[in-house]
Amino acid sequence: MASDETVPVKPDGTEGSAGEEHQPYIEALQQKRDEMLLGGGKARIDAQHAKGKLTARERIAQLVDEGTFQEVDGFVVHRSTDFGMENNRFLGDGLVTGFAKIDSRRVCIYAADFTVLGGSFGEAAGLKVSRVMDLAMQAGVPVIGLSDGGGARIQEGVNSLLAFGELFYRNTLASGVVPQISVELGPCAGGAVYSPALTDFIIIARKIGNMFITGPEVIKSVTGEAVDMETLGGADTHATVSGVAHFAAEDEADAMEITRKLLSYLPSNNAEHAPILPPSDDPWRMDPALNSLVPVDSSTPYDMKQVIERVFDLGSFFEVQAGYAPNAVVGFARLHGQSVGVVAQQPAYLAGVIDINASDKIARFVRFCDAFNLPVITFSDSPGFLPGVAQEHGGIIRHGAKIVYAYSEATVPKITVITRKGYGGAYIVMGSKYLRADFVFAWPTAEIAVMGADGAVNILFGKKIKESSDPQAERSRLVAEYREKFANPYQAAAGGHVDDILIPEETRPRLIAALELLRDKHAKLPTKKHGNIPL
Ligand code: HXC
């Protein structure tokens, strides 16, 4: 891990010592510190533990390098006096904020403290989170938010809405400047969900974390539908059905592990490159199993993750949104120690077809990579867009266009490998030369054509087949003729649409060489305020 460690940090709780005269001052401060560390008090901490949850500070300790957390604004209290709030003041006011190191790299952190008024978010918490976000942007370090609370603090009325509004605004400004990660370790309800939703990655812990706009009771009263909290907005729901979450964690410890691992692939900000790890794998490693991994019968499925695992540094592939739209695969990996984004179709699921959810998944991931200087390596094998009324009415046109937009505007190095089907629109959108891929390679099994052989023959020769004395034989003959002509990468290579045709085992060294060439790539887009991606 690349380290930016320059200053050794003293562990927490180091006691100061002084002469007799000053001792009372130090003791008074120590007492205040102890009070701060107790949050909402021992009974609340015990209740939190009884629910199988850690406190905010315990969570931070679990996440960061030992002894590196520096709390800021720990003495802040709210100034509300309504509803008896003057008797309900706790140091820190339900949010622990500060900075620390993870794998020796700097991060800013905020964590809801459920022991204080249920982790509800008021004006003071708003000021604290704003400050830590501003610090993160100025210092150019990732922000990690640990959520566990009742949302806007009801007693503070509009002031708590202001607090959320300020957070949302900063989440938006920080987007594309520093990576933002949200970890859901408790309830996250109502408008409060929009802070995590504005960040780059959401990790939800199973059983304890949930997110929803309106809870089961409201839904029942408005629509009559009965649903439990877990089904409505638990980790698995968001990691598989809604696509809101990127990772479902087993528990709190797993959520922290995922967060640390994720950060290891990312730069600290948009002006940096991700850390390059000492290479753990031979750049010239050629895996002969790749040569026969793609079945020659183009309707036989295979597992694209096998391709990815074998091409990138062994053990480095870290899948994102694994449970959502599994017909597309996105994630991070390393090539000769360099962190890259990987995008692929999964022929083992719905033949790797592109649907609405896959479009959103791919487009968002490509944009993240582009924002943070991560090269995009695409493995493409898709028969096209998913046909159907539901897809058309759901706006597959608009959603599919996002992929085109994301690849086109991405100026990071882009390398595409077509392993088999490159039909029509799917071929163009998946990082083709026309969208300014720097290199497009094809495997010998690639079929690059306007459409598949069966469909093409039906359209071109429907009448001829019908009139033939033996329609079935005629059809087979015409399909074979079409396949002979188009079901290969040579026509595309002859026209320069692909740069080279690789024996599959050559893919790893060829990608590494191409990435090395593109290390200092500079590409410019036309000057504009911002584009208008079809949302
Ligand atoms: C003030 C709150 C609170 C809130 C909880 N508490 N939520 N105090 N404002 N929003 C307090 C409770 O009164 C209680 O105090 C303590 O926190 C613990 O809460 P419990 O309900 O005992 O805990 P639990 O059973 O674990 O339930 C947790 C919960 C539930 C699911 C979060 O408290 C809940 O549903 N809270 C309300 C959620 C909500 O509707 N929030 C507003 C959403 S709208 P005592 O002292 O009695 O123990 C919103 C708008 C944001 O957030 C808009 C942004 C644009």
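This chain uses plain numbering: 1 for the first residue, then up along the sequence. Counting starts at 1 for both ligands and their atoms, following the listed order.
- In this structure, atom 1 (C) of ligand 1 lies nearest to the protein heavy atom Gln155 OE1, 3.0 Å.
- The shortest heavy-atom distance from Phe114 to ligand 1 is under 4.0 Å.
- Within ligand 1, the atoms closer than 4.0 Å to a non-hydrogen atom of Ala189 are 52 (O), numbered from 1 in the order shown.
- The backbone and the side chain of Ile154 each have at least one atom closer than 4.0 Å to an atom of ligand 1 (non-hydrogen atoms only).
- At the shortest separation from atom 52 (O) of ligand 1 among protein heavy atoms lies Ala152 N, 2.9 Å.
- At the shortest separation from atom 2 (C) of ligand 1 among protein heavy atoms lies Leu117 O, 3.7 Å.
- Regarding atom 15 (O) of ligand 1, its nearest protein heavy-atom neighbour is Arg44 NH1, 4.3 Å.
- A salt bridge links Lys305 with Glu319: the distance from a Lys NZ or Arg NE/NH1/NH2 to an Asp or Glu carboxylate oxygen falls below 4.0 Å.
- Proximity of Phe168 to ligand 1 is established by a heavy-atom distance of less than 4.0 Å.
- Under a 3.5 Å cut-off, the side chain of Lys361 and the backbone N or O of Gln321 do form a donor-acceptor pair.
- Among all non-hydrogen protein atoms, the one lying nearest atom 44 (S) of ligand 1 is Gly190 CA, 4.3 Å.
- In this structure a side-chain-to-backbone donor-acceptor pair under 3.5 Å is missing from Asn159 to Glu123.
- Phe332 has its ring centre less than 6.0 Å from the ring centre of Phe365.
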### Message
Walk me through whether Asp73 and Thr97 qualify under side-chain hydrogen bond (donor to acceptor under 3.5 Å, both in side chains).
### Response
CA-CA 7 Å; Asp73 288 336; Thr97 55; 4.9 Å; no

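- Under the 4.0 Å criterion applied to side-chain N and carboxylate O atoms, Asp251 and Arg206 are not assigned as salt-bridge partners.
- Within a 4.0 Å radius of atom 46 (O) of ligand 1, the protein has at least one heavy atom.
- Taking the six-membered ring wherever Trp is involved, the centroid distance between the rings of Phe201 and Phe368 falls below 6.0 Å.
- At the shortest separation from atom 24 (P) of ligand 1 among protein heavy atoms lies Lys51 NZ, 4.0 Å.
- Atom 42 (C) of ligand 1 has its closest protein heavy atom at Gly150 O, 3.5 Å.
- Although no hydrogens or angles enter the test, the distance criterion places no donor-acceptor pair under 3.5 Å between the side chain of Lys101 and the main chain of Val64.
- Within 4.0 Å of atom 22 (O) of ligand 1, not a single protein heavy atom is present.
- In this structure, the protein non-hydrogen atom closest to atom 29 (C) of ligand 1 is Pro187 CG, 4.3 Å.
- For ligand 1, the polar-atom distance check finds no N/O of Phe164 at less than 3.5 Å from any of the ligand's N/O atoms.
- Tested against Asp93, the residues Arg79, Arg153, Lys128 include a single salt bridge (charged side-chain N to carboxylate O under 4.0 Å, His left out) partner, Arg153.
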